[in-house]
Amino acid sequence: MVELVWDGKYKDGKKVSPVRIALPFQTVETVNESAQQRQLTLDLFAAGRQTDWRNRLIWGDKKYVLPSLLQEFAAKVNLIYIDPPFDTGADFSFQMEIEGESFTKEPSIIEQKAYRDTWGRGLDSYLQWFYETAVLLRELLAENGSLYVHVDYHVSFYVKAVLDEIFGADRFVNEIVWKRQTAKSDVGQGSQHMGRIHESIFLYTKGEDYTWNMQYTTYDQTYIDNFYRYSEKDGRRYRLSDITAPGKASKGNPHYEFLGITRYWRFSKQRMQEMYEQGKIVQTKPGTVPAQKRYLDEMPGVPLQDLWTDIQPVQSQAAEVTGYGTQKPETLLQRIIKVSSNEGDLVLDCFCGSGTTAAVAEKLGRRWITCDLGRFAIHTARKRLLSQPDVQPFVVQNLGKYERQAWQQAEFADNAQMLSVQMRYRNFILQLYSASPLEGYSWLHGVKAGRLVHVGSVDAPISMGEVRSIVNEFWKVSGKDSGTRSNGIDILGWDFAFDLNETAIKMAADANVKLSFKKIPREVLEKKAVEQGDIRFYELSALAVEHNLSGLDLNLTLKNFFVSDDDIPPEVQAAITNWSQWIDYWAVDWDYRDDTFHNQWQSYRTRKDPKISQTAGHHYEQPGHYTVVIKVIDILGNDTTKAIEIEVK
């Protein structure tokens, strides 16, 4: 077999393999699970027993997500559909609306970095990226499983060569040509190419015995007019079908006279008489051979072909539209999922986008796992799934601290200067933040423009206790060198405890300390983002919530939402006239138990209903102490949480 070779495929004579670091997943939210289901899950977990299946929405780079799925799902995924980037930087952009006005949100730094990794060296880097992905996908695929890869003319021929190498050319089943749109207006007089109106979907299988449920398309009108020429009085159309059978050459066909015609027939004489009395056998004229009525509405249609012209792209006014330019129509995924899976099967899509695959798999009774690198994609998919009636409980996960721990060990463990891993990690973050290291203290690690800096660890959120220790140590530093520093502290962290921003800032203000909480971006983990100076630290948002408790009833009211506008396009900032416009979605866990946030109530904007409720209420069944957690998602997909302690009497 001829092999496609590209720059980077081999190193020291061996093929470069994909990253195979298996990291544990962290569940950050459980969605649509009832209180009874939640308690059962906790009981099963405490007893060391298997908990019920939960569909999974994962935020993370598939480079780390796929190998982390292998331990649990190797050879267990029944169907994989992927719609990877073709050759356009717009794959990560999306449309958002504020008071009916639409804006395009450009890719985030991490998404731009992912695009550069994919296309940074042109086709060579794309092919290596795709090759490593396809290797892992084949390992995840069950023996009866199928893979659908959706591409366009930029890369289709190269992608097929890679898939032939990984799956074997004999496992190629179809190239499906999807006519995505009608004639394009960018061709005509003066243009030097034909209209590009189709995309390709390559279908490969893991083994010879794969799941296949033939689907059918409707007959076109010309076929119906030519063949279904007869109609009943009620308008029901039918055609006449031959019911004679071969003679002596075929054994078993009965031979008798019926309506004056003697022939070999397909049916017994008794069955023929029954069908005649039912009006299903007719003789158009005396002396003619009887025929069987075959009704159009009883025929399955045309067996599915590999040219799909009957599925339209998502129209701008469609109910399913989400704002993603690369969004695929639900009818496309319905066909694929129905053909190559059965109810209860597991479907995987590692390029989630707007969540079409998960949404359709949910409707068709399949289990699903989907992931995406974009935070807004995860938020869009979550909203979309919640809009479906009776959606099954699902979890939102990431690799969180485990990914950061692996990165820290890989980057900072080997040190000729004998500095600790933690010290080298802190110095690295301080350098990115343009701060100078500060030695001799436990909680204060650097100085920047007169403000002291604390660097949070990779494996734990910044907590209230940690803030108290930072503030206490601050006064020791100020006492020694009060003339060179202000009373400000920048606290850098990967994650922050619920409600930390508002509570900690108030506590510090009482101690005459000005705190600023800043998020260490995930881009820090990516060498290319660091080398190109793409690292920016953003201040945390803050949420003000008023609560009113009356007996067993609790009412919440959003009062204010403070958002850092560092990463907000100017035109979007100009459109914001009220703090509530920042909020796209908010949810409440009425009984947070320090395990995972359970989405027990939510309100979010939709195209049909762009307003969002600013109040929520809940009735408790019994008195007790409860922790209530409110989660707000802004229009860019960033989340802010706040915790309230209440005593229900």
Side-chain angles (χ1 to χ4, degrees), residues 18-20 22-23 25 27 53-85 129-151 159 163 166-167 171 173 201-207 210-211 213 326 328 330 332-374 377-378 380-382 384-385 391-392 394-399:
V19 173
R20 290 187 177 275
L23 304 171
F25 289 99
T27 298
W53 167 262
R54 290 289 180 265
N55 293 319
R56 301 164 77 163
L57 178 60
I58 303 170
W59 179 42
D61 191 334
K62 56 104 189 113
K63 176 173 65 176
Y64 300 108
V65 171
L66 294 181
S68 299
L69 288 171
L70 277 173
Q71 184 173 359
E72 185 177 355
F73 296 105
K76 293 182 180 179
V77 179
N78 305 101
L79 168 63
I80 299 173
Y81 167 85
I82 61 170
D83 177 21
W129 171 86
F130 181 78
Y131 172 83
E132 293 177 8
T133 301
V135 166
L136 295 173
L137 291 178
R138 186 184 183 281
E139 294 179 30
L140 286 164
L141 206 58
E143 287 302 315
N144 67 343
S146 301
L147 168 70
Y148 289 77
V149 180
H150 194 139
V151 291
V159 162
L163 292 171
I166 295 171
F167 282 80
R171 297 273 46 87
V173 178
I201 305 173
F202 294 116
L203 168 56
Y204 283 77
T205 62
K206 179 83 169 280
Y210 51 89
T211 299
N213 306 308
T326 57
K328 300 304 181 287
E330 291 194 3
L332 180 71
L333 271 299
Q334 285 171 0
R335 179 171 291 173
I336 289 171
I337 292 174
K338 285 181 178 180
V339 167
S340 294
S341 70
N342 299 312
E343 284 194 33
D345 281 354
L346 180 57
V347 178
L348 169 67
D349 182 352
C350 58
F351 298 90
C352 172
S354 62
T356 302
T357 303
V360 175
E362 177 74 29
K363 291 177 181 178
L364 296 178
R366 273 64 165 174
R367 297 175 297 138
W368 52 265
I369 299 172
T370 189
C371 70
D372 202 283
L373 181 66
I378 298 302
T380 301
R382 172 173 46 197
R384 186 173 184 176
L385 289 160
V391 63
Q392 295 297 306
F394 63 93
V395 295
V396 181
Q397 297 181 314
N398 61 28
L399 295 170

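Every heavy atom of this structure was used, including side-chain atoms; hydrogens, water molecules and symmetry mates were not.
Note on residues 345-360: no pairs pass salt bridge (charged side-chain N to carboxylate O under 4.0 Å, His left out), not counting sequence neighbours. Counting only residues at least two apart or on different chains, the ring-ring contact (aromatic ring centres under 6.0 Å, His included) pairs with a member in residues 336-365 are Trp129-Phe351.
The salt bridge (charged side-chain N to carboxylate O under 4.0 Å, His left out) search around Arg56 returns Glu72, not counting sequence neighbours. Residues that satisfy the side-chain hydrogen bond (donor to acceptor under 3.5 Å, both in side chains) test with Lys76, not counting sequence neighbours, are absent from this structure. Residues forming a side-chain contact (heavy atoms from CB on, under 4.5 Å) with Gln334 (at least two apart in sequence, or on another chain): Glu330, Thr331, Val360. When the side-chain contact (heavy atoms from CB on, under 4.5 Å) test is applied to Thr27, the partners found at least two apart in sequence or on another chain are Thr30, Val395, Gln397, Thr596. Every residue two or more places apart in sequence or in another chain that forms a salt bridge (charged side-chain N to carboxylate O under 4.0 Å, His left out) with Arg335 is listed here: Asp310. For Glu362, the side-chain contact (heavy atoms from CB on, under 4.5 Å) test picks out Asn55, Trp368, Leu385, Gln388, Val391, Gln392, with sequence neighbours left out. For Glu139, the side-chain hydrogen bond (donor to acceptor under 3.5 Å, both in side chains) partners are Arg20, not counting sequence neighbours. Lys206 is linked by a side-chain hydrogen bond (donor to acceptor under 3.5 Å, both in side chains) to nothing, counting only residues two or more places apart in sequence or in another chain. With sequence neighbours left out, Ser340 forms a side-chain hydrogen bond (donor to acceptor under 3.5 Å, both in side chains) with Tyr148. In this structure Phe73 satisfies the ring pair (Phe, Tyr, Trp, His ring centres under 6.0 Å) test together with Trp53, sequence neighbours excluded.
In this structure, the side chains of Asn78 and Thr211 stay at 4.5 Å or more apart for every pair of heavy atoms. A 4.5 Å side-chain heavy-atom check between Ser68 and Ile58 finds every atom pair outside the cut-off.
Tested against Phe167 for a ring-ring contact (aromatic ring centres under 6.0 Å, His included), the candidates Tyr204, Tyr131, Phe202 yield a single pass: Tyr204.
Nearest approach of Leu136 to Pro67, heavy atoms of both residues: CD1-CD, 3.7 Å.
Separation of atoms CG (Leu79) and OG1 (Thr205) is listed at 12.0 Å; rounding is to 0.5 Å. The line from CG of Leu364 to CG of Asn342 is 11.5 Å long, rounded to the nearest 0.5 Å. Here the straight-line distance linking atom OG1 of Thr357 with atom OH of Tyr81 works out to 6.0 Å at 0.5 Å rounding. Separation of atoms CG (Leu348) and OG1 (Thr370) is listed at 7.5 Å; rounding is to 0.5 Å.
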